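Working notes, structure below.
Here is the naming used below: chain letters follow the sequence lines, and residue numbers restart at 1 for every chain. If you're wondering where the values come from, they're calculated on a predicted model, not measured in any experiment.
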Amino acid sequence: MVPKKQEAMNSSKEAIIAAIKKNKPDLLPLPEHPEFPYGDNLIEQFQASIKLNGGAARTGEGKMAIQSYLKENFTPDNQVLSLVEGITGNFDIKNVQDPHELEHIEVAVLEGDWGVVENAAIWLPEEKIVHRALPFIAQHLIVLLKIDRLLGNMHEVYQKINVAGPGYGVFVAGPSKTADIEQSLIIGAHGPRSMVVFLME
Amino acid sequence: MKATPTHAAAAEEFLKDEERSHWHDDTLWHVRSKRDVAAQKIPEWEQLRTNASQVKDHVLSNMDKLLLQFEKNATENGIEVLWAKDAEEHNQHILRILEEYQVKNLVKSKSILTEECGLNHFLEDKGYDVVDTDLGERIIQFNKQVPSHIVMPAIHLKKKEIGDIFHKHLGTDEGADDPAYLTEAARQHLRQKFIQARVAITGVNFGIAETGGFVVCTNEGNADMGTHLADVHIACMGIEKLVPRAADLGVFLRLLARSATGQSITNYTSHFHRPREGKKLYLILVDNGRTDQLGREDFRNSLKCIRCGACMNTCPIYRRSSGFSYNSTVPGPIGSILSPGMDLKKHSTLPFASTLCGSCTDVCPVKINIHEQLYKWRQVITKEGPSQPSKKWAMRFGGNVMSKPKLFDLMGNLARKSLSISPRGFVYNSFNAWGKHRELPEVPKESFKEWYRKNRKQ
């Protein structure tokens with residue numbers, strides 16, 4: 001026997017589908033999207049875009065640069081979680097069972113998969129962040145992005161990625177921000193209070 | 001039940017505070033200007049609008065098949081898909097889930113659909129603690145208000161007022177109104193709520209039929225803070241929010257944030273395809289009048305809306321009357337063509353809250369012919385009988401005069417003579433809506449017809 005709630009649900013589904021069939025217009029074609037040019041100077045474009053989003057991007061420095069950035073901006077008692085090989089933190093994600101244990105992470109160091117220069121969106125699929133909450137719950141975010149992973153626009157990045165590959169994936173384009181009080185831009189609404197991208201060869 | 005005030009009456013209330021109305025106007029225009037700058041940076045902007053419009057045309061014409069494809073793929077991904085024909089069924093689904101998990105408090109990110117369904121009141125009446133986590137929404141939730149704008153829910157409030165609200169509810173310093181200080185207080189308060197909540201509700205910006213996943217856009221990261229810490233994620237989605245392919249997102253995401261606030265993208269654009277291991281993900285597909293609107297040939301393409309709010313920011317009426325004057329979940333031009341389809345009587349004055357200037361249509365990223373639909377709703381409403389008798393009699397009288405050339409000449413003559421000698425109080429009074437807050441044009445000495453006759457002889 002079908003449980004009662006299931007029965008009601010199926011009837012709602014049937015009613016909605018039947019109403020659409022009855023009311024929809026004749027089939028209209030689905031357009032193909034052309035490719036659009038975006039110019040060169042990818043690095044400069046990316047830097048300009050992320051600045052507008054409230055973040056920053058640095059270039060020309062190796063992984064040592066991240067290490068010294070950490071040293072300059074954080075103290076030894078800050079929880080530092082790095083998922084980038086060669087950058088050492090003091091918090092091991094392997095021990096984390098429940099994302100609530102990430103509550104006091106001061107800074108997370110992650111590697112982006114692709115970066116889009118028109119808007120500084122960086123694709124972070126689930127496997128690059130391990131815990132979905134990590135890029136949000138950390139007080140600060142550092143992202144390493146290889147320069148050869150820069151793309152022009154959103155059309156291009158959707159050609160490169162398989163959105164349904166990971167159970168979850170996110171474009172992060174800057175720190176957490178809000179302008180809900182009289183349109184004043186404030187960085188650090190709920191998530192990271194800063195985001196710095198290191199662009200590397 | 002109290003009747004809904006007309007838009008004009010509600011707007012009049014807002015306009016009593018002249019300084020505030022100017023401030024509101026300027027603030028929204030500033031957002032509109034930022035949109036222009038962002039749009040003009042993209043040479044292919046018009047092409048993107050055309051493609052977005054065509055994708056949505058296709059979706060409306062193929063919605064049954066796309067929805068079934070979406071449901072099938074989402075189900076295979078491990079998402080539990082529920083269907084709701086109306087607001088009541090949507091709310092009941094959520095109640096049942098909360099009962100099943102025995103959860104009394106939940107966090108919610110912005111969802112205009114749940115506003116439309118009255119979810120917060122429904123749950124609060126049953127003793128649930130619903131915490132809106134978008135900063136603007138939390139402010140108006142404290143203030144027991146509804147959003148006055150779909151993208152900037154608290155745009156009607158000044159920082160001083162928000163300072164007072166936070167002093168009362170969060171214990172911030174009395175009189176403190178620094179936005180950074182207030183935002184920090186909200187951050188600390190809401191972080192606790194995120195950490196504690198076991199259920200998180202979000203809206204949906206786009207559902208992807210070919211992959212069975214969905215996209216949620218925020219700047220604050222509040223949708224993600226909620227869902228990634230909770231055991232249960234409930235996503236609420238209007239059935240029109242579909243796109244067929246992931247590639248279509250490239251077009252829509254380039255348009256959405258630029259149209260909304262002039263940003264190139266929201267700082268977080270999250271793609272959900274499967275629940276976290278051992279956790280639960282529900283997706284509720286809601287009709288609530290959308291299939292009816294699909295059947296109205298003149299109005300169906302209002303369903304293409306991606307809720308960017310650009311039409312509100314540009315509208316000379318919205319900017320000067322504020323969202324509340326519309327008494328509709330979605331205010332402004334797009335609300336004025338969506339809401340009459342939900343309740344024609346309640347929203348019968350909204351299509352008249354427009355100058356038909358067409359600016360809404362010009363900025364719409366999916367090319368909805370908003371101002372033409374406003375005009376068409378006016379015709380529907382007037383046919384059904386106008387709600388205001390004064391308008392009805394004036395129209396009948398005007399129609400009569402204009403259909404008889406001699407009578408028209410006579411009336412014109414009389415008006416020119418009498419207006420030039422009438423005392424001010426006779427012309428500018430409560431019977432003459434056109435004389436409110438504005439001066440009538442100077443009365444010409446003669447009609448065009450008279451002038452033409454005279455000058456042609458020479």
Examine whether an atom of B:K193 lies under 4.5 Å from a heavy atom of chain A, and if so say whether it belongs to the side chain, the backbone or both; otherwise answer neither.
neither
Measuring heavy-atom distances to chain A, does B:Q47 have an atom under 4.5 Å in its side chain, in its backbone, in both, or in neither?
side chain
Can you list the steps and then say if B:S264 with A:E118 is a side chain to side chain donor-acceptor pair (under 3.5 Å)?
CA-CA 7 Å; B:S264 55; A:E118 69 159 325; over 6 Å; no
Tell me, side chain or backbone of B:N77 under 4.5 Å from chain A's heavy atoms, or both, or neither?
neither
Flag the one option from B:H30, B:Q263, B:K56, B:E210 with the top tally of heavy-atom pairs under 4.5 Å to chain A.
B:Q263
Look up atom CG in B:L67 and atom NZ in A:K13, then write down how far apart they are to the nearest 0.5 Å.
10.0 Å
Do the ring planes of B:F194 and A:H190 sit parallel (below 30°), tilted (30 to 60°) or perpendicular (above 60°)?
perpendicular
Name the region of A:L52, side chain, backbone, both or neither, that has any atom closer than 4.5 Å to a heavy atom of chain B.
side chain
Surrounding CD of A:E127 (heavy atoms of other residues, nucleotides or ligands, distance under 6.0 Å), is the total greater than 12?
yes
Part of B:R258 lying under 4.5 Å from any heavy atom of chain A:
side chain
Of the non-hydrogen atoms in A:Y158 and B:A247, which two are nearest, and what is the gap between them?
CB-CA, 4.4 Å
Distance, nearest 0.5 Å, that separates CG of B:N267 from CD1 of A:I122:
10.5 Å
Is any NZ, NE, NH1 or NH2 atom of the basic residue among A:R132 and B:D224 found under 4.0 Å from an Asp or Glu carboxylate oxygen of the other?
no
Select, from B:I208, B:D248, B:T211, the one with the greatest count of heavy-atom pairs under 4.5 Å involving chain A.
B:D248
Under 4.5 Å between any side-chain heavy atoms of B:N62 and A:L30, yes or no?
no
Interchain contact, B:T266 with chain A, by part (heavy-atom threshold 4.5 Å)
backbone
Counting only heavy atoms closer than 4.5 Å, note whether B:L229 contacts chain A via side chain, backbone, both or neither.
both
Within 6.0 Å of NZ in A:K63, more than 12 heavy atoms from elsewhere
yes
Of the backbone (N, CA, C, O) and the side chain (C-beta and beyond), which part of B:P43 lies under 4.5 Å from a heavy atom of chain A, both, or neither?
neither
Donor-acceptor pair, distance only, cut-off 3.5 Å: does the side chain of A:N23 make one with the backbone of B:T291?
yes
Distance (rounded to the nearest 0.5 Å) between A:S12 OG and B:H93 NE2:
6.0 Å
One should read off an interatomic distance between B:D64 CG and A:I17 CD1, to the nearest 0.5 angstrom, of 6.0 Å
Rounded to the nearest 0.5 Å, the CG atom of A:N153 sits from the CZ atom of B:R254 at a distance of 4.5 Å
Against chain A, label B:L157 side chain, backbone, both or neither, depending on which of its atoms sit under 4.5 Å from a heavy atom there.
backbone
Whatever's closer than 4.5 Å to a heavy atom in chain B on A:E156 counts as neither
Take atom NZ in B:K158; do more than 12 heavy atoms of anything else shown fall under 6.0 Å from it?
yes
Tell me, for B:L135 versus chain A, whether the close heavy atoms (under 4.5 Å) come from the side chain, the backbone, both or neither.
both
Between B:K41 and chain A, with a heavy-atom cut-off of 4.5 Å, which part of the residue counts as in contact: side chain, backbone, both or neither?
side chain
Just checking heavy atoms, which of residues 163-185 of chain A are less than 4.5 Å from chain B?
A:V163, A:A164, A:G165, A:P166, A:G167, A:Y168, A:G169, A:V170, A:F171, A:V172, A:A173, A:G174, A:P175, A:S176, A:K177, A:T178, A:D180, A:I181, A:E182, A:Q183, A:S184
Quick test of your reading: applying side-chain hydrogen bond (donor to acceptor under 3.5 Å, both in side chains), list the pairs with at least one residue in residues 182-191 of chain B, sequence neighbours left out, ordered by first then second residue.
A:Q139-B:R187, A:R193-B:E184, B:R138-B:H189, B:E184-B:Q188
State which residues pass ring pair (Phe, Tyr, Trp, His ring centres under 6.0 Å) with B:F252; sequence neighbours excluded, sorted by chain then number.
B:F206
Identify which part of A:I186 has an atom lying under 4.5 Å from any heavy atom of chain B, answering side chain, backbone, both or neither.
side chain
Under 4.5 Å, counting heavy-atom pairs only, tell me which of B:K159, B:M63, B:E297, B:Q92 racks up the most with chain A.
B:K159
Mind listing the closest non-hydrogen atom pair of B:V251 and A:H155 along with its distance?
CG2-CE1, 3.7 Å
Pair B:R274 + A:E126, salt bridge at N-O below 4.0 Å
no
Any idea which of A:A18, A:P31, A:P192 has the most non-hydrogen atom pairs under 4.5 angstrom with chain B?
A:P31
Heavy-atom side-chain proximity of A:H100 to B:I195 below 4.5 angstrom:
yes
Are B:R276 and A:H131 close enough that a side-chain donor and a side-chain acceptor fall under 3.5 Å?
no
Contact class of B:L253 relative to chain A, heavy atoms under 4.5 angstrom:
side chain
Counting only non-hydrogen atoms closer than 4.5 Å, does A:D26 touch chain B with its backbone (N, CA, C, O), its side chain (CB onward), both, or neither?
backbone
With sequence neighbours excluded, residues passing ring pair (Phe, Tyr, Trp, His ring centres under 6.0 Å) with A:F74:
A:H140
Separation of B:R290 CZ from A:I16 CD1 (nearest 0.5 Å)
10.0 Å
Count the heavy atoms belonging to other residues, nucleotides or ligands that lie under 6.0 Å from NZ of A:K21, then report whether that count exceeds 12.
no
For B:L294, which atoms come within 4.5 Å of any heavy atom of chain A: side chain, backbone, both, or neither?
both
Check each atom of B:P244 against the heavy atoms of chain A and say whether the ones under 4.5 Å are side chain, backbone, both or neither.
side chain
Which one wins on heavy-atom pair count under 4.5 Å against chain B: A:L124, A:L134, A:I187, A:N119?
A:N119
In terms of heavy-atom pairs under 4.5 Å, which option from B:T133, B:V31, B:L249 contacts chain A the most?
B:L249
Tell me, do A:F136 and B:N222 make a side-chain contact under 4.5 Å, heavy atoms counted?
no
Under 4.5 Å from any heavy atom of chain B - which part of A:P25:
both
